[in-house]
Structure formats: C-alpha cells, structure tokens
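Notes for the one structure printed next.
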2 protein chains.
Amino acid sequence: MENKSEICLPTCSVDYAFKRIGGKYKGRILWYLHDHKTLRYGALKRILYDVTTKMLTQTLRELETDNLIIRKVYHEVPPKVEYSLTETGGELIPFIDHLRQWGDRQIEKENRKL
Amino acid sequence: MENKSEICLPTCSVDYAFKRIGGKYKGRILWYLHDHKTLRYGALKRILYDVTTKMLTQTLRELETDNLIIRKVYHEVPPKVEYSLTETGGELIPFIDHLRQWGDRQIEKENRKL
DNA sequence: CTGCATCCCGTACGATACTG
DNA sequence: CAGTATCGTACGGGATGCAG
C-alpha cells in the first residue's frame, strides 16, 4: 500500500495536497485565519477584498469539508459566524509561512531588477 | 507568450507564491526534478502519466520563465532536452516535502476511516 | 524525441439580485 | 450579517495532428 515517492500512484501525495489547498483563495484564507486566530465571515471578505460571496462561501465549505477549518455559528440576531483553523489545518501553517517568506524574497528580487 | 505575472499586483506574498507553483502539475514537476536531479522531457511525461504534451510544455515554459527550472537543450539527432531545478526552485523543495508528508498523513487517515 | 497548432469543452470563477 | 440562487464567461485543460 505504501509506495515510494518515486513511483506515484493516482494518489500522489504532492498532488493530493495541492488539490486541497490549491484554490484561488485557500492559501490566503488559511494564512489569515492563522494570523487572526479567528475571523468572522464579513472580516474575511474584507481582507480578501477581491472575493465574491459565492466564491468565499464555496471555498469555506470546501475547507470545512476537508477538515481544515472550523465553522462556528452563533445563533443570534444579527447572525454571527466565526471561522478558525483545525489542528490539521494548522499543520499547514509552517509550509504556508515559508512559502510566504519565499514569495517575499522573489518580489524583492523583481523590484531590484526593475 | 506574455508573462501574466506582470499584472500581478502585490496582493500578498502568499497569493504570489501560490500563483507560481499552484498549477495542476507544477508541484509534482518540481518534486520529481528534485528527486531525480535531472529529467528529460519524455521521462517527465511518463512520470506525470496523465499529462498531455500541451500542458507539459506549457507548464515547463512557465516554470522556466519564473526561473524555477533550467531547460538544457542538446543539439543532437534525435533531440534531447533535460530539465533541472534552479537554485530558486530548489529553495521550494523543503516546503513541498513538508506538504508531501502532510498529504501522506491525510491519505492514511482517510484509509483508516474506510 | 521534443515539441507546437488547432479545435473543443467542462468547470472554476465572476456579477448581480435576493433572503432568513 | 451571512449567506443562496441564477446566469454568464473566461480560462484551464484534453484530444488530435503535424513538424524539425
């Protein structure tokens, strides 16, 4: 069942992981949730300024289904929903953080060239 | 071919990084190139068994333009082209590896549930 | 062997309006 | 406030054929 990284079956773990966090907003959502510990729907939407309600809701549902984030509903008026990372989702933070630092360096490089 | 990165305004470095390695095959290509040090076009195509020539060529060009891989052409008959990681591309390997291990754990979890 | 050109399609994503 | 619902579109990606 376990296979070496060399010969990848249809369930290549690199491929698998990228599919789970590879959406247009997923990386940023996970990062922001880590950064703020917990965020309400509206706050998330403001930070991801270019996202539509449809995409935000859809993406949040996928992350929830994949057990990367927790959706906590407060039964109040007006409604209040808070999102936060699960433990499994939190395990991705080191990766995203290093990726972010790498991105910073590349952006700096490009700026020096211009 | 225009490089679409020029329009990429600095939304955030997480977004920037994901755009650079977020394609359907980019993560796997980078990983395999690290695993094998260097790979020919045909070998890559075999390993990524489900990729078309169009997508493979297109993805390799993007990675090359982004300075993540090196394309070395041997002027022979028949043609021979070898791909390998750049230093910048190599910097991503630890994080892809981290992601891969995370993916492995998730796949295992799912298998135990079934 | 390593690609490029063309045609085609599904779905990821966007815009807008509406609701509990 | 936190979403649905609906419609429309652009682009990622597949299949096939041809070329140096």
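Throughout, a chain's letter reflects where its sequence line sits, starting with A, and its residues are numbered from 1. Keep in mind that the numbers below use all heavy atoms, side chains included, and drop hydrogens, waters and symmetry copies.
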Check the phosphate of [N] against [X], side-chain N and O only, distance under 4.0 Å to OP1 or OP2. Yes or no?
X	N	answer
A:R61	D:dA2	no
A:R40	D:dA2	yes
A:Y41	D:dT4	no

Rounded to the nearest angstrom, tell me the gap between atom [atom1] in [X] and atom [atom2] in [N].
X	N	atom1	atom2	value
A:Y83	D:dC1	OH	P	14 Å
B:Y74	C:dT2	OH	P	12 Å
A:E76	D:dA2	CD	C1'	13 Å
A:M55	C:dA15	CE	P	12 Å
A:D50	C:dA12	CG	P	18 Å
A:K19	D:dG13	NZ	P	11 Å
A:Y49	C:dG14	OH	P	12 Å
B:E82	C:dG3	CD	P	12 Å

Closest-nucleotide ordering on DNA chain C, the 5'-leading residue of B:K54 and B:A43:
B:A43
Nearest-nucleotide wise, let me know which of B:L60 and A:T52 is further upstream toward the 5' end of DNA chain C.
B:L60
Any base atoms under 4.0 Å from [X], or only sugar-phosphate, or nothing? Heavy atoms, all strands.
X	result
B:Y25	sugar-phosphate
B:T53	base
B:K45	nothing

Map A:T57 and A:P78 onto DNA chain D by nearest heavy atom, then report which one ends up closer to the 5' terminus.
A:P78
DNA chain D: A:K80 or B:G23, which has the more 5' nearest nucleotide?
A:K80
Has the side chain of A:S13 got a donor or acceptor atom that lies under 3.5 Å from a matching backbone atom of B:D104?
no
Please check if any side-chain donor atom of A:T88 sits under 3.5 Å from a side-chain acceptor atom of B:K109, or the reverse.
yes
State which of C:dG20, D:dG14, C:dC4 makes the closest approach to the side chain of A:P79.
C:dG20
Step by step, work out the side-chain hydrogen bond (donor to acceptor under 3.5 Å, both in side chains) result for A:Y25 and A:Q58.
CA-CA 11 Å; A:Y25 305 101; A:Q58 178 182 311; over 6 Å; no
Under a 4.0 Å threshold between the charged nitrogen and the carboxylate oxygen, would A:E82 count as salt-bridged to A:R71?
no
Could you walk me through whether B:Y41 and B:T57 pass side-chain hydrogen bond (donor to acceptor under 3.5 Å, both in side chains), step by step?
CA-CA 9 Å; B:Y41 182 91; B:T57 301; 3.1 Å; yes
